[in-house]
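Each remark here refers to the structure printed beneath this line.
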Protein chains: 2
Amino acid sequence: MTRTSLNHFHCSMARTADIIGDKWSLLILRDVFLGSKTFSQFQKNLGVARNILSDRLDKLVRNEILERRRTRPGVERYSYHFTDRGSELVPVLIAMMQWGDRWIFGEGKEPLELNDQKTGRPIQLIKVLSADGKPLANDEMSASPGSGADSSILTSFHGKRSKVSD
Amino acid sequence: MTRTSLNHFHCSMARTADIIGDKWSLLILRDVFLGSKTFSQFQKNLGVARNILSDRLDKLVRNEILERRRTRPGVERYSYHFTDRGSELVPVLIAMMQWGDRWIFGEGKEPLELNDQKTGRPIQLIKVLSADGKPLANDEMSASPGSGADSSILTSFHGKRSKVSD
DNA sequence: TGATTTGGTTTTTTAACGCAACTAAAATAC
DNA sequence: GTATTTTAGTTGCGTTAAAAAACCAAATCA
């Protein structure tokens, strides 16, 4: 019996979490964002077990988050890069970083600062904005079934569950 | 041999991932955001095993993401709510949802739409913005050691690792 | 009064994790 | 020209956490 997959949830969060919702995948993606490219770099930076790293890279490649490129023809030397799909996960990563900056390390103690390369100034805090660009608090939002919704979306997004080998 | 904790990484992503970087925690938080409050509601909506749910709720409470309130004095009836700390994770959740909307379900097939309650219009796509409010692509950002950085932050953020029972 | 709901805990099984050792080819050092 | 190191993994094994199901006790509903 394999672990529970979230594949059949009709829910974007669940499906996204199924792909990147584990510690090592998230850290690998962070590492890619910061410039790491190779198996050894990830291994050195993260200290993750090699089989786990192998498994996660595979999964990220299969899900087209990362692309594996051969760096020299005919030789087993590879590098990993974001696909378009993968690079659009960066806001997720940055939102997580910023939360940790604020609530774990605290103002003025951020381990890492992200800057606009052109101006050198720090990027903005990631926020939820209304259509006209105003920050929205959580209780100023409402959820409604989207165009692709099935009937029971708001009362339950518990879809069928499945066993997968992944 | 216990699982590796990311507690000693001097990295906001790692530390945040250590708290919410697993499927069920993320789904519980989504569920809270959408209005669920009780153990039974989470269990019904998510279909998660009760012991796992119990464990995750506990962890989220211990980490002050959620607050457990007794709903009737002297009786075992509880409800779970975001703390301030927890509610600031919502941008992370929404960024994940939006990624799934786009890359898993596809434009026009979103299971759920989030709206500005006042106007009824959908919220904006979450983006990384420069100080002057312009969207930044990934290669237009640079990382530099923050005010709380230790010396080796960019070459390696592999801190000491520890075994924890958590 | 008997069934159901609520909020869990306990028990058992199984899959995932972590570690160390191994492989095999290429690159570098001596 | 041989030896060591680096790269990119795979294999095997023991441990641990997750999943499923059963159980529990108090409160509430029918």
Side-chain angles (χ1 to χ4, degrees), chain A residues 1-9 17-18 21-28 31 36-62 66-81 158 160-166, chain B residues 1-7 17-18 21-28 31 36-62 66-81 158 160-166:
Chain A
M1 197 178 309
T2 49
R3 286 292 209 269
T4 307
S5 159
L6 308 176
N7 258 330
H8 293 284
F9 278 66
D18 211 29
D22 76 274
K23 294 186 216 296
W24 293 125
S25 298
L26 287 166
L27 284 174
I28 290 168
D31 219 24
S36 294
K37 291 175 174 53
T38 66
F39 188 93
S40 329
Q41 285 178 318
F42 300 136
Q43 212 276 316
K44 210 169 292 178
N45 290 343
L46 305 177
V48 56
R50 312 168 75 73
N51 54 341
I52 304 293
L53 176 56
S54 187
D55 180 80
R56 294 302 190 279
L57 285 172
D58 233 59
K59 185 175 180 183
L60 291 169
V61 168
R62 278 204 319 281
L66 296 181
E67 189 199 338
R68 183 166 113 147
R69 294 189 201 141
R70 189 173 288 254
T71 53
R72 202 148 48 251
V75 178
E76 264 204 46
R77 279 310 120 84
Y78 305 104
S79 65
Y80 296 86
H81 305 265
H158 174 203
K160 283 201 198 78
R161 302 165 68 223
S162 69
K163 316 298 188 166
V164 290
S165 62
D166 195 21
Chain B
M1 198 177 313
T2 48
R3 291 293 211 262
T4 307
S5 158
L6 307 177
N7 258 331
D18 211 29
D22 77 276
K23 294 187 217 294
W24 293 126
S25 298
L26 287 166
L27 285 173
I28 290 168
D31 219 24
S36 292
K37 291 174 174 53
T38 65
F39 189 93
S40 330
Q41 284 179 319
F42 300 137
Q43 212 277 315
K44 211 170 292 179
N45 290 343
L46 306 176
V48 56
R50 312 168 74 76
N51 53 344
I52 304 295
L53 176 56
S54 187
D55 180 82
R56 294 303 188 278
L57 284 172
D58 233 59
K59 185 175 179 185
L60 291 169
V61 169
R62 279 204 318 282
L66 296 181
E67 188 199 340
R68 184 166 111 146
R69 293 187 201 144
R70 189 173 287 253
T71 52
R72 200 145 53 251
V75 178
E76 265 205 45
R77 279 308 120 85
Y78 304 106
S79 66
Y80 295 86
H81 306 265
H158 175 201
K160 283 200 199 82
R161 301 164 68 224
S162 69
K163 314 299 186 167
V164 288
S165 60
D166 194 23

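Just so you know, these numbers use all the heavy atoms, side chains as well, and skip hydrogens, waters and symmetry mates. Each chain gets a letter, A, B and so on, in the order the sequences are listed, and its residues count up from 1.
- Mapping N51(A) and F39(B) onto DNA chain C by nearest heavy atom places F39(B) at the nucleotide closer to the 5' end.
- Between R56(A) and dC17(C), a side-chain N or O to OP1/OP2 separation shorter than 4.0 Å is present.
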Practice problem: Please assess F42(A) against R56(A) for the test side-chain contact (heavy atoms from CB on, under 4.5 Å), listing each intermediate value before the final yes or no. | Solution: CA-CA 11 Å; F42(A) 300 136; R56(A) 294 302 190 279; over 6 Å; no
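- Every residue two or more places apart in sequence or in another chain that forms a side-chain contact (heavy atoms from CB on, under 4.5 Å) with S79(A) is listed here: K37(A), R69(A), T71(A), H81(A).
- The shortest distance between the side-chain N/O atoms of S40(A) and the OP1/OP2 oxygens of dT6(D) is not below 4.0 Å.
- Contact between L26(A) and G21(B) at its shortest, heavy atoms only, is CD1-CA, 4.1 Å.
- As rounded to whole Å, 12 Å separates atom P of dT5(C) from atom CD of Q43(B).
- The minimum heavy-atom distance between R50(B) and F39(B), with the atom names listed, is O-CZ, 3.7 Å.
- Among the protein residues, D55(A) comes within range of no part of the nucleic acid, since none of its heavy atoms lies under 4.0 Å from any strand.
- A heavy atom closer than 4.0 Å to some atom of DNA chain D occurs in R68(A), E76(A), R77(A), Y78(A), Y80(A), these being the qualifying members of residues 67-80 of chain A.
- Here dT15(D) presents its P atom at 14 Å from CZ of R3(B), a figure rounded to the nearest Å.
- With respect to the salt-bridge test (charged N to carboxylate O, under 4.0 angstrom), the residues R62(B) and D58(B) qualify.
- Taking each heavy atom of D31(A) and Q41(A) in turn, the nearest pair found is OD2-O, 4.1 Å.
- The distance from atom CG of L46(B) to atom C1' of dG7(C) is 16 Å, rounded to the nearest whole Å.
- In this structure, S54(B) does not reach the dG8(C) phosphate: none of its side-chain N or O atoms is under 4.0 Å from OP1 or OP2.
- Between D58(A) atom CG and dT11(D) atom P the separation is 12 Å, expressed in whole Å.
- Of the side-chain N and O atoms in W24(A), none sit less than 4.0 angstrom from OP1 or OP2 of dC17(C).
- If you measure from atom CG of N45(A) to atom C1' of dA8(D), you get 16 Å, rounded to the nearest angstrom.
- Between the side chains of N51(B) and S54(B), no donor N or O sits under 3.5 Å from an acceptor N or O.
- Taking atom CG on L6(B) and atom C1' on dC17(C), their separation rounds to 13 Å, with Å as the unit.
- A donor-acceptor pair under 3.5 Å is absent between the side-chain atoms of Q43(A) and the main chain of A49(A), judged by distance alone.
- Here the CH2 atom belonging to W24(A) is positioned 9.5 Å from the CG atom belonging to L53(A), to the nearest 0.5 angstrom.
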Pairwise N/O distances under 3.5 Å, protein to nucleotides 23-25 of chain D:
none

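- Atom-to-atom, NZ of K59(A) to P of dC17(C) comes out at 9 Å; the value is rounded to the nearest Å.
- Nucleotide dA8(D) holds its P atom 10 Å from the CZ atom of F42(A), rounded to whole Å.
- When distances are taken from the side chain of I52(A) to each of dC17(C), dG9(D), dA19(D), the shortest belongs to dC17(C).
- The side-chain tip of R70(A) does not point at the ring of Y78(A) from less than 6.0 angstrom away and within 45° of straight on.
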